[in-house]
Visitor: 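Submitted below is the structure of interest, expressed as structure tokens.
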Amino acid sequence: MMKSFWFFAQFLHVFLVFSTLIASVAVQAFTGAYGINYGRIADNIPSPDKVATLLRAAKIKNVRIYDADHSVLKAFSGTGLDLVVGLPNGYLKDMSANEDHAMDWVKENVQAFLPETRIRGIAVGNEVLGGTDYELWGALLGAVKNIYNAIKELGLTDVVQITTAHSQAVFANSFPPSSCIFRDNVKQQYMKPLLEFFSEIGSPFCLNAYPFLAYMSDPENIDINYALFQKTQGISDPKTDLHYDNMLDAQIDAAYAALEDAGFKKMEVIITETGWASRGDDNEAAATVNNARTYNYNLRKRLAKKKGTPLRPKSVVKAYIFAIFNENLKPGPTSERNFGLYKPDGTIAYDIGFHGLVSSSADSLRLSSKDIGARGWSRSQYLILPISMAAAFLLFLR
């Protein structure tokens, strides 16, 4: 009897340890290194359920949307895709001023869809600091805190991460990377308090970084091969003596330098948008299918290596690609409507190793063991594994 009890105690210990490991995998906001943005400013793109099928076939697990549209949240239910929803900029003033409204928003747009829809993050606003609406600058931190407090009160802080994405406009310098700092009018009053709060709750610094836009702003002095991850001389940072063979790594390390200057050396940088337009206006000569294919193919290869940057070699670069589809209703230059990896009918815009929409039959949605390994554990597996272990132990006692 004592022998059986000892074996049971050992089994229980192993089971609890293994369960803890599973839980830690389940609550990660970003699995692996590759994600994608699902913009929907278009009237000709596939329905959300077909998009979920497309992403599963492509084995793209991490997805960001710019709102919390219920048709998308329902379509992604049970798919195993990890989703970051967005609180649009237009909501920030209200959410900052009213805790109850923040709670209602979280209940209606996040809690109501968990756990079937794997909402892993809320992006509170997008590119607010450095933008032109100064009232939003003042509302951002209050909105972030009220949304986080709602998440905390609902017991969801180990499931849902709170972030906000910044553009390059928050920086005063970015070349060489080590010289990068936050702009004076952003840093003290707005950025530092925000970073202090994110440091307390364990959130990363999210950056929208586009070598495409940087190259377009200064094509005479920037080597396009450097922007496209192609062979090039690259640049060397005289302060750190680090060498950069591509612009995205330099942009990421510039963000790390700014964070260190502000006192947040340990904060992780995640790229929440990056991409290359496949078509543009006459003054957007770099927006070609060939360049878009080259950038996104090389970026995918670079992320698959799961390596860091010259300044942070141990911090794996994580990036969400912009975007799934060309969005025909977006305002601005032609390039704005042509960042998609896929055409509106679900076929690929150019080949970087993904496939277009497949049949929506049950067979097309069935996951292989290889798929499961790439996606992490499903809810059913949480149940199957403990039951199997318990059954094996009972058989052993017999």
Visitor: Gly125 and Asn89: which non-hydrogen atoms are nearest, and at how many Å?
Guide: CA-OD1, 3.1 Å
Visitor: Step by step, would you call Ile324 with Leu54 a side chain to side chain contact (heavy atoms under 4.5 Å, CB included)?
Guide: CA-CA 10 Å; Ile324 301 180; Leu54 181 70; 4.2 Å; yes
Visitor: I'd like to know if the side chain of Thr164 reaches the main chain of Val124, judged simply by a donor and an acceptor atom lying under 3.5 Å from each other, with no hydrogens or angles considered.
Guide: yes
Visitor: Treating Thr53 as the side-chain partner and Asp49 as the backbone partner, does any N or O pair qualify as donor plus acceptor under 3.5 Å?
Guide: yes
Visitor: Distance only, no hydrogens: is a donor on one side chain within 3.5 Å (strictly under) of an acceptor on the other, for Thr288 and Asn290?
Guide: no
Visitor: Is there a side chain to side chain contact (heavy atoms under 4.5 Å, CB included) between Ile348 and His355 once you walk through the steps?
Guide: CA-CA 7 Å; Ile348 57 173; His355 300 289; 5.7 Å; no
Visitor: List the atom of Leu303, the atom of Ala33, and the distance in Å for their closest heavy-atom pair.
Guide: O-CB, 3.6 Å
Visitor: Any luck finding a side-chain donor-acceptor pair between Ser179 and Asn173 under 3.5 Å?
Guide: no
Visitor: Walk me through whether Phe113 and His70 qualify under ring-ring contact (aromatic ring centres under 6.0 Å, His included).
Guide: CA-CA 9 Å; Phe113 295 90; His70 288 193; 4.8 Å; yes
Visitor: I want to check something: taking the side chain as every heavy atom from C-beta on, are Tyr190 and Leu140 in contact at a cut-off of under 4.5 Å?
Guide: no
Visitor: Judged by modelled atom types alone, do Asp43 and Asn328 share a side-chain donor-acceptor pair under 3.5 Å?
Guide: yes
Visitor: Asn298 side chain to Thr294 main-chain N or O, any donor-acceptor pair under 3.5 Å?
Guide: yes
Visitor: Establish whether Val84 and Val316 are linked, either directly or via other cluster members, by ILVMFWY side-chain heavy-atom contacts under 4.5 Å.
Guide: no
Visitor: Under the ring-ring contact (aromatic ring centres under 6.0 Å, His included) definition, can you give me all pairs with a residue in residues 221-247, not counting sequence neighbours?
Guide: Phe229-Tyr295
Visitor: Are any of the side-chain heavy atoms of Phe264 and Phe198 separated by less than 4.5 Å?
Guide: no
Visitor: When rounded to the nearest 0.5 angstrom, what is the spacing between CD in Glu220 and CD1 in Ile222?
Guide: 11.0 Å
Visitor: Check this for me, if you would: do Glu327 and Arg337 make a salt bridge, where the nitrogen-to-carboxylate-oxygen distance has to be below 4.0 angstrom?
Guide: no
Visitor: Could you check Val51 against Phe325 for side chain to side chain contact (heavy atoms under 4.5 Å, CB included), going step by step and ending with a plain yes or no?
Guide: CA-CA 10 Å; Val51 174; Phe325 299 108; 3.6 Å; yes
Visitor: Enter the distance from Leu141:CG to Leu92:CG here, rounded to the nearest 0.5 Å.
Guide: 11.5 Å
Visitor: Is it the case that the side chain of Trp137 and the backbone of Val128 share a donor-acceptor pair, with hydrogens and angles ignored and the cut-off at 3.5 Å?
Guide: yes
Visitor: To check you understand the geometry: which heavy-atom pair defines the closest contact between Glu116 and Ser77, and what is its length?
Guide: CB-OG, 3.2 Å
Visitor: What about the rings of Tyr210 and Phe339, do their centers lie closer together than 6.0 Å?
Guide: yes
Visitor: Quick one: ring-ring contact (aromatic ring centres under 6.0 Å, His included) pairs with a partner in residues 151-184, sequence neighbours left out?
Guide: His166-Phe205, Phe171-Phe182, Phe182-Phe205
Visitor: Is there a donor-acceptor contact under 3.5 Å linking the side chains of Ser167 and Asn208?
Guide: no
Visitor: Verify the cluster assignment for Ile181 and Met267: are they in a single hydrophobic cluster under the rule of side-chain heavy atoms below 4.5 Å apart?
Guide: no
Visitor: Taking only residues at least two apart or on different chains, which pairs with a member in residues 225-251 satisfy salt bridge (Lys or Arg N to Asp or Glu O under 4.0 Å)?
Guide: Asp249-Arg302
Visitor: Taking the side chain as every heavy atom from C-beta outward, state whether Thr347 and Tyr342 have any atom pair closer than 4.5 Å.
Guide: no
Visitor: Within the supplied structure, the quantity of interest is the number of heavy atoms (other residues, nucleotides, ligands) at a distance under 6.0 Å from Tyr350 OH; does it exceed 12?
Guide: yes
Visitor: Has Trp276 got a side-chain atom pairing as donor or acceptor with Leu228's backbone, closer than 3.5 angstrom?
Guide: no
Visitor: Can you tell if the side chain of Leu299 reaches within under 4.5 Å of the side chain of Ile321, non-hydrogen atoms only?
Guide: yes
Visitor: Looking only at atom types and distance, does a side-chain atom of Lys318 sit under 3.5 Å from a main-chain N or O of Gly32, one as donor and one as acceptor?
Guide: no
Visitor: For a side chain to side chain contact (heavy atoms under 4.5 Å, CB included) check, start with the C-alpha distance between Phe76 and Leu55, then their side-chain angles and the critical distance, and finish with the verdict.
Guide: CA-CA 10 Å; Phe76 279 44; Leu55 293 172; 4.0 Å; yes
Visitor: Which of these, Asn109, Val159, Leu156, Val85, sits in a side-chain contact (heavy atoms from CB on, under 4.5 Å) with Ile119?
Guide: Val85
Visitor: Do Met247 and Leu213 sit in one hydrophobic cluster, given that two such residues count as connected whenever their side-chain heavy atoms are within less than 4.5 Å of each other, even indirectly?
Guide: yes
Visitor: Go through the structure and list residues passing salt bridge (charged side-chain N to carboxylate O under 4.0 Å, His left out) with Asp67, not counting sequence neighbours.
Guide: Arg40
Visitor: Check whether any side-chain heavy atom of Leu154 lies under 4.5 Å from a side-chain heavy atom of Lys107, and answer yes or no.
Guide: yes
Visitor: Could you tell me whether the side chain of Arg312 and the main chain of Tyr256 form a donor-acceptor pair under 3.5 Å?
Guide: no
Visitor: Among Ile, Leu, Val, Met, Phe, Trp and Tyr joined by side-chain contacts under 4.5 Å, find the other residues sharing a cluster with Ile41 and list them by chain and number.
Guide: Leu329
Visitor: Verify, without hydrogens or angle tests, whether Asn326 (side chain) and Gly340 (backbone) share a donor-acceptor contact under 3.5 angstrom.
Guide: yes
Visitor: Could you check whether atom CD of Glu196 has more than 12 heavy atoms from other residues, nucleotides or ligands sitting under 6.0 Å from it?
Guide: yes
Visitor: Side chains of Cys206 and Glu273, heavy atoms from C-beta outward: is any pair under 4.5 Å?
Guide: no
Visitor: Do the non-hydrogen side-chain atoms of Ile36 and Arg64 ever get within less than 4.5 Å of each other?
Guide: no
Visitor: Heavy atoms, side chains only, cut-off 4.5 Å: are Tyr34 and Asn62 in contact?
Guide: no
Visitor: I need the minimum non-hydrogen distance between Gln251 and Ala209, along with the two atoms involved.
Guide: OE1-CB, 3.5 Å
Visitor: Tell me if the CZ atom of Arg279 is crowded by more than 12 foreign heavy atoms within 6.0 Å.
Guide: no
Visitor: So, taking the atom named CG in Leu195 and the one named NZ in Lys187, what distance separates them when rounded to the nearest 0.5 Å?
Guide: 10.5 Å
Visitor: For residues 142-153, which side-chain donor-acceptor pairs fall under 3.5 Å, sequence neighbours excluded?
Guide:
| residue | atom | partner | partner atom | Å |
| --- | --- | --- | --- | --- |
| Asn146 | ND2 | Met95 | O | 2.8 |
| Asn146 | ND2 | Ser96 | O | 3.1 |
| Asn149 | ND2 | Lys145 | O | 3.2 |

Visitor: Where the side chain of Glu284 meets the backbone of Asp281, is there a donor-acceptor pair that is under 3.5 Å apart?
Guide: yes
Visitor: Cation-pi between Arg300 and Phe354: NZ/CZ under 6.0 Å from ring centre and within 45° of the ring axis?
Guide: yes
Visitor: Are more than 12 heavy atoms from other residues, nucleotides or ligands located less than 6.0 Å from atom NZ of Lys330?
Guide: yes
Visitor: Distance-only, no hydrogens or angles: does the Asp253 side chain make a donor-acceptor pair with backbone N or O of Leu311 under 3.5 Å?
Guide: yes
Visitor: How far apart are the closest heavy atoms of Pro204 and Thr163, and which atoms are they?
Guide: CD-CG2, 3.8 Å
Visitor: Quick one about Tyr66 and Asn37 (side-chain donor to acceptor, distance below 3.5 Å, no hydrogens or angles considered), yes or no?
Guide: yes
Visitor: Can you name the closest pair of heavy atoms from Ala68 and Trp105 and give their distance?
Guide: CB-CZ2, 3.9 Å
